[in-house]
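Values below: all heavy atoms of this structure, side chains included; hydrogens, waters and symmetry mates excluded. No experiment lies behind these values; they were computed from the predicted model shown. First the proteins, then the strands, lettered A, B, ... as listed; each starts at 1.
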Amino acid sequence: MRRHCYSASRQTSAQSLVEVTVGVVVLIVVVIFLIDLALLIYAVSLNDMVCRDAAQQAASGDPSDAEARALTSIENRKRRQADSFRSAFRLIPPVKAEITGQPGVRIDAQTDEPKQLGGMVTGTVSVTTEVETQPFVVHLVLGKKPPLSFRSTAVVPIKFVRPAQ
Amino acid sequence: MTFLISLVVLLIVVIAVCGLALNRLFLNRTKAQFSVDSLSTSLAAKINAHDRLGQMNELVESSRELVFTSRQAVDTCNNEKKFRKLAPLCDRLLDDARAGYPLVEGERKRMNATIRKEVQDEIASYNKSRSDLPAEFLSLKTSTPRVERVDLGRIVNVDSNIKALDVIPQLYEYDRRNGHFNSNSKLYRAGRNASLPMPDGDLIYNFCALPVTQGKMSVPPRNANSNSFISLGSIFNDGKNNIGDTVELPHALKVSCASDVMFGNASNPLSGTLGTESVGVSSGAQAESQ
């Protein structure tokens, strides 16, 4: 009788141990997947933010230097970025500046040379950035090879008033 | 034990999905704010296209000075014997100067109406072109923002681009005593009647607020804090254009937008509205106007 009880108790403990082991393994996989997914979404949202900042910078000044300003903005962001080992941003050239209106030129009466008139430059600047991220498991679920890349595009009106010469 | 572990896994998944959906909601809110900021800046850029506000302020000031100096000439002719024979000519000059006032004022009102119309057309075009298809993520749908209300106005503590000059000392002194211009910057104040001394006090001179140039650089169109915005009247409300006029010319506008948010299945969704607003300020006066 005593022997039978001891055997049943051992069986229950073993069953629990197996259940806990399997359960913990499943839990760990689920948690890793969720953390990975969260990091992926974080990288995508960060890319959106980087793209918007770069577009704002690109639009605030002479459209001919728009790409340089966008690059500077992205480089500054990269420097601040603490988890760059997981994801990397880059600018997708070209930065498109669509100018719809700008001040013309006048011929100087004394020198006969063309001089730039001052005035507002209107139009939009479009910036595209890409983020590449190295997931642990998400790519297996999505059926893609790492690194995963995501693009974001932001269009901002030009904020520039050309000074007169 | 299996049940407990399944419950924990389920709980973690549910919390994670809710977290991601909430994160998506905030992300959509940020995106909506960004697009409303862009819209308000591009609308504001239209207000002072080709520096028309700066030129109008110049015109108002020129008309004001002309009336003042013509009145001075009439007074001189009446008071001094040697100039008395020029009195009819001076009267004629004063009449002409005063007759110029309604022309300037009429042009200012026309410009006000044109600005309203251009902004209203742009809003209609934006609302028409925006996509009504909502972006969906984990059964959370968010539509692109639609313009609900637009107010024209100005930014607090921004004076006009017109500097009070001491070329006409009497006018300068009169304006200084009446606080028509800012004693530090010497720029005429906006949003008040810069009236002339009697008997020309019946003429109303309103300057439009407009940032001045810094050297050769003009202030570009930009976004501003909504607390610094003073509304002069709404031009668009609940999808309809408002008819009406404002005394002052605007140099800024406030755009209020709404995005529809739905969560859950189509038959019984949880729905709400995400509100976003943005203030856009026009470019400043240009060096040539100065």
Side-chain angles (χ1 to χ4, degrees), chain A residues 12-13 15-31 33-38 40-42 44-46 48-49 51-53 55-56 59-62 100-101 103-104 106 116-125 152 154-165, chain B residues 1-13 15-17 19-21 23-24 26-28 30-31 33-35 37-52 54 137 211 213-223 280-290:
Chain A
T12 314
S13 302
Q15 188 187 342
S16 295
L17 189 67
V18 170
E19 282 176 357
V20 168
T21 311
V22 171
V24 165
V25 168
V26 170
L27 203 64
I28 287 171
V29 170
V30 168
V31 168
F33 177 77
L34 287 175
I35 290 172
D36 212 18
L37 190 68
L40 194 76
I41 291 172
Y42 173 68
V44 172
S45 10
L46 210 58
D48 273 358
M49 209 155 70
C51 185
R52 284 198 297 267
D53 287 351
Q56 290 279 17
S60 310
D62 196 334
T100 53
R106 68 178 162 83
Q116 181 71 55
L117 286 170
M120 200 163 60
V121 179
T122 55
T124 54
V125 167
S152 179
V155 182
V156 177
I158 295 171
K159 300 163 191 167
F160 179 57
V161 181
R162 201 185 291 286
Q165 275 183 339
Chain B
M1 184 59 78
T2 315
F3 174 74
L4 262 179
I5 289 176
S6 308
L7 202 69
V8 169
V9 170
L10 192 74
L11 203 68
I12 290 174
V13 169
I15 290 171
V17 167
L20 292 177
N23 175 56
R24 183 70 184 183
F26 288 135
L27 197 67
N28 285 341
T30 315
K31 273 186 178 174
Q33 184 66 56
F34 178 73
S35 64
D37 281 346
S38 292
L39 176 71
S40 67
T41 315
S42 62
L43 288 176
K46 295 202 176 301
I47 295 178
N48 191 24
H50 309 295
D51 193 30
R52 55 184 167 186
F137 179 79
T213 50
Q214 304 293 325
K216 275 192 168 185
M217 293 299 289
S218 294
V219 181
R222 65 211 179 278
N223 289 116
V281 188
S282 74
S283 57
Q286 281 163 29
E288 285 94 293
S289 303
Q290 297 278 308

Go through it in stages, so that I can follow the logic: the residues are B/Val13 and A/Val30, the test is side chain to side chain contact (heavy atoms under 4.5 Å, CB included), and I'd like the CA-CA distance, side-chain angles, deciding distance and then a yes or no.
CA-CA 8 Å; B/Val13 169; A/Val30 168; 3.9 Å; yes
Please classify the contact between [X] and chain B as side chain, backbone, both or neither, with a heavy-atom cut-off of under 4.5 Å.
X        : result
A/Val156 : both
A/Val31  : side chain
A/Gln15  : neither

In the structure I gave you, are the side-chain heavy atoms of B/Ser40 and B/Asn223 within less than 4.5 Å of one another anywhere?
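Of all side-chain heavy-atom pairs linking B/Asn223 with B/Ser40, at least one is under 4.5 Å.
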If you define the side chain from C-beta out and look only at heavy atoms, does anything of A/Val121 sit under 4.5 Å from A/Val161?
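Sidechains of A/Val161 and A/Val121: no contact.
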When rounded to the nearest 0.5 angstrom, what is the spacing between CZ in B/Arg52 and OG in B/Ser282?
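Answer rounded to 0.5 Å: 9.5 Å.
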Interatomic distance, A/Ser45 atom OG to B/Arg24 atom CZ [nearest 0.5 angstrom]:
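Separation between the atoms: 9.0 Å.
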With a 4.5 angstrom heavy-atom cut-off, which part of B/Asn23 approaches chain A: side chain, backbone, both or neither?
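It is the side chain, since no backbone atom gets that close.
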Structural part of B/Leu27 lying under 4.5 Å from a heavy atom of chain A:
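Answer is side chain: those atoms of B/Leu27 sit under 4.5 Å from chain A.
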